[in-house]
Amino acid sequence: MNEKSLIPEKFLKPYNPEGTEDKIYKLWEDAGYFNPDKLPERNKKGEPYTIVLPPPNVTGTLHVGHAAMLAIEDIMIRYKRMQGYRTLWVPGTDHAAIATQSKVEKEIEKKEGKRRHELGREELLKRVNAFAQESHDTIVNQVRKMGASIDWSREAFTLDEKRTLAVRTAFKTMYDLGLIYRGSKVINWDPKGQTTISDDEIVYEARKAKLYTFRYSKDIPISISTTRPETKLGDTAIAVHPDDARYQQFIGTEYDAVFAGEAIHVKVIADTAVEPSFGTGALGVTPAHSAIDWDMAQRHDLPLKQVIDEFARMTVGNESIKGKKVTEARTAVVEWLKAQGLLEKEEDTDQNVATAERTGGIIEPLPKLQWFVAVNKSFTLAHSTIPGIASGSQTTLKDIMLQSVSSGAIKIIPERFDRVYANWIHNLRDWCISRQIWYGHRIPVWYKSDQIYTGIEAPAGEGWTQDEDTLDTWFSSGLWTFSTLGWPDLNAPDFKMYHPTSVLETGYDIIFFWVARMILMTGCLIGDVPFKTVYLHGLVRDAKGRKMSKSLDNNIDPLDMIKKYGADATRLSLIIGTGPGNDAKLSEDKVKGYKNFSNKIWNITRFVLSAAAGERFGSTNVSPVVYDSSFTGYSAIETEHIKKLNDLIKEITAEMDEYKFYLVGEKIYHYIWHEFADKILEESKPILSGLPAQASDDMSARISRVQFLLHVVHTILKLAHPFMPYVTEEIWQEIQAKKSQLIVESWPI
RNA sequence: GCGCGGUUAGCUCAGUUGGUAGAGCAUCCCCUUGACGUGGGGAGGGUCACAGGUUCAAGUCCUGUAUCGCGCACCA
């Protein structure tokens, strides 16, 4: 290369992502191509193709899993955009109620030593909102850095004004259908977070525990076993299996005793839920502190007796028990049993302790008045396009959830998650949606003496007070595919054009939390499915296959990777070698490898441009060759190469349609490096320089070769663009003399 | 307890409807002063977890086993 080179100077140095990416992103944004309303005519006339971004929680920063999600969705969107679809990708963030509030609370407690009730609702919300705003800004910046071609003009937040209207409308509609109800039952109470949580927000931890076998008193002839003796102060029955010969004679008998300072009255009942082979085959029934026992109490009309409060402290018992934490009370009850000579056995056992996902608090089942979504209740679905559920027919939310997938209206990738999904629904119980926290959508219900009002706005008149509780964050994210598109206005242009969405791309770990809830909400409120395809990605783990975590200090920050190796390399490293539904391993070396690849494309371009500029034509003085897409004078071998490339295009187009991005990425890599660079460019050198092996003056052979190389470069830039948008666009801008943008070029066929 | 997934080269993983085992990285050897400090060529390395079965033919289909991981339920 010399100073008279005709090729752009930037190609004389290695590809520099840092100096390129922001500039290119701005180029796309200024052209407006992220917004479907500003796409070229070809796209505007095309079929809509919609993805809503799974809104990241405003709890801090994005991790490498988010980066993988963004890479996959951007590949889908860019591919479809190039194919001429009217593509819309909607960005947004999730307020993540408990997660966000508990994070801010922890910080305040650490820094100022204050608890939320000392601050009050208003002040706490002020702090949480400030934190959420900060997180939001960080997240938006990260999404942009990844190269996401997402429509910022349609950005949404699960707690903004429009989404609030959607949430209230949904609540009111479901309330009127009888699907949302207020009821008293045993729920999962998190004493640490001071709120209820749903069944899905529980994480079970395997621990060792003691199983105690004892009698309530010497006068009661039946022994029972439990790992939680302190709850036995609240027992109101002893349950045995109806066929258990050992206990037949006692069924129906009632006993009184004073147990650890508390007078109890128990009745012996027969219930098939009892497993005769466990322990003594007799079970102490504690309706107030066990969901299973509560169900049993309903069947046998047993009284409810609460002995533990919201702070997991005993409310009854002798002086060494009352007022104590449950763990201390447990020891005290065991001591008492020993002293009374009632303890018969003490064995080690494995136990799964229920803990709250967000706070780590040990769940205490408590009876409480809460709001629920009834999943088994029959109702009339006025309008339905879900196959198998007719408009105006009777159905249940469970049916809607099952039918949407089993009918094939929603396709889950990989398919095996169909069964996981169905299995979960079969076990589903009513969804507890009220939370005793402050950050979130306040329940749109108002009370005045014994009147209840549900609506979008507060009722007219004096003296109404709104329900203190907020909604489960998944209630609002369940509406995400349509609350972002203008619903509840059924005539909103976006709603009409883009719903149902095309693909939901998300992690398999939130299939229950989110995917199932979206299907429930959409079926119930719109009578349709929220999306046609669900693409589930796996977890991104470290090079050794471990989960990334703070304690292991093995987190890979996507922003670091982008800074060091570029967004394109980061994206490829998260795509290649990772199939849907499978966990992926990531190491810095992998990212580095793909940075080399970005540079390889850069250098290929440099080589081809120097050839086109005539710089490789030996001493012959020729004018530069300009790419002519209608050129036909290819040699036999060039025609053969083009045929092979066209075969590759067919192959990878089919694989793109099957969501096999990991395969396509690898094939593009392989073709560019090991076919085009290693074979074709090497083979071109003697032709271009007119070495003795070639007819030394065959200018037409040289020109045809340059045309051929330019053709391949144009094609591979298009193919690689969805995967590596920055470097491909940067090169495109040079070789096309800034006449067009690759982002809206046609996908080759 | 019910269910799902993995087990293929040193490592990470592909392997489409059954038809002679593949890629990247790593290792070793050689080459390379004009596209590429990130280059090229080549080599070694696999009883496809194990045992049966179906088939002309099995990494691929069937049955079972082992092992690792995951989900759900139970958890008195």
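Just so we're on the same page: letters track the sequence lines, and every chain starts at 1.
With both ends at atom C1', the span from B:rC13 to B:rU8 equals 9 Å, rounded to whole Å.
In this model, the phosphate group of B:rG40 is approached by a side-chain N or O of A:Trp673 to a distance below 4.0 Å at OP1 or OP2. Here A:His670 does not reach the OP1 or OP2 of B:rA14: none of its side-chain N or O atoms lies under 4.0 Å away. Listed pair A:Tyr669 / B:rA14 fails the phosphate criterion, with no side-chain N or O lying under 4.0 Å from OP1 or OP2. Listed pair A:Lys660 / B:rU16 fails the phosphate criterion, with no side-chain N or O lying under 4.0 Å from OP1 or OP2. The phosphate of B:rG3 has neither OP1 nor OP2 within less than 4.0 Å of any side-chain N or O from A:Arg419. A close approach under 4.0 Å does not occur between any side-chain nitrogen or oxygen of A:Lys600 and OP1 or OP2 of B:rG39.
Annotated stems with RNA chain B as a participant read B:1-7 with B:66-72, B:10-13 with B:22-25, B:27-31 with B:39-43, B:49-53 with B:61-65, given as range with range, by first number; only runs of 3 or more Watson-Crick or G-U pairs under 3.5 Å qualify.
Checking A:Trp514, A:Trp474, A:Trp424 one by one against A:Asp200, the side chain to side chain donor-acceptor pair (under 3.5 Å) holds for a single residue, A:Trp424.
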Restricting both atoms to N or O, compile the protein contacts to nucleotides 43-46 of chain B shorter than 3.5 Å, with distance only.
none

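With respect to the salt-bridge test (charged N to carboxylate O, under 4.0 angstrom), the residues A:Lys210 and A:Glu347 do not qualify.
With ring centers used as reference points, A:Trp294 lies 6.0 Å or more from A:His289.
Using a 4.0 Å heavy-atom distance criterion, A:Leu211 is classed as a sugar-phosphate-only contact. At a threshold of 4.0 angstrom between heavy atoms, the contacts of A:Glu658 with the nucleic acid are absent.
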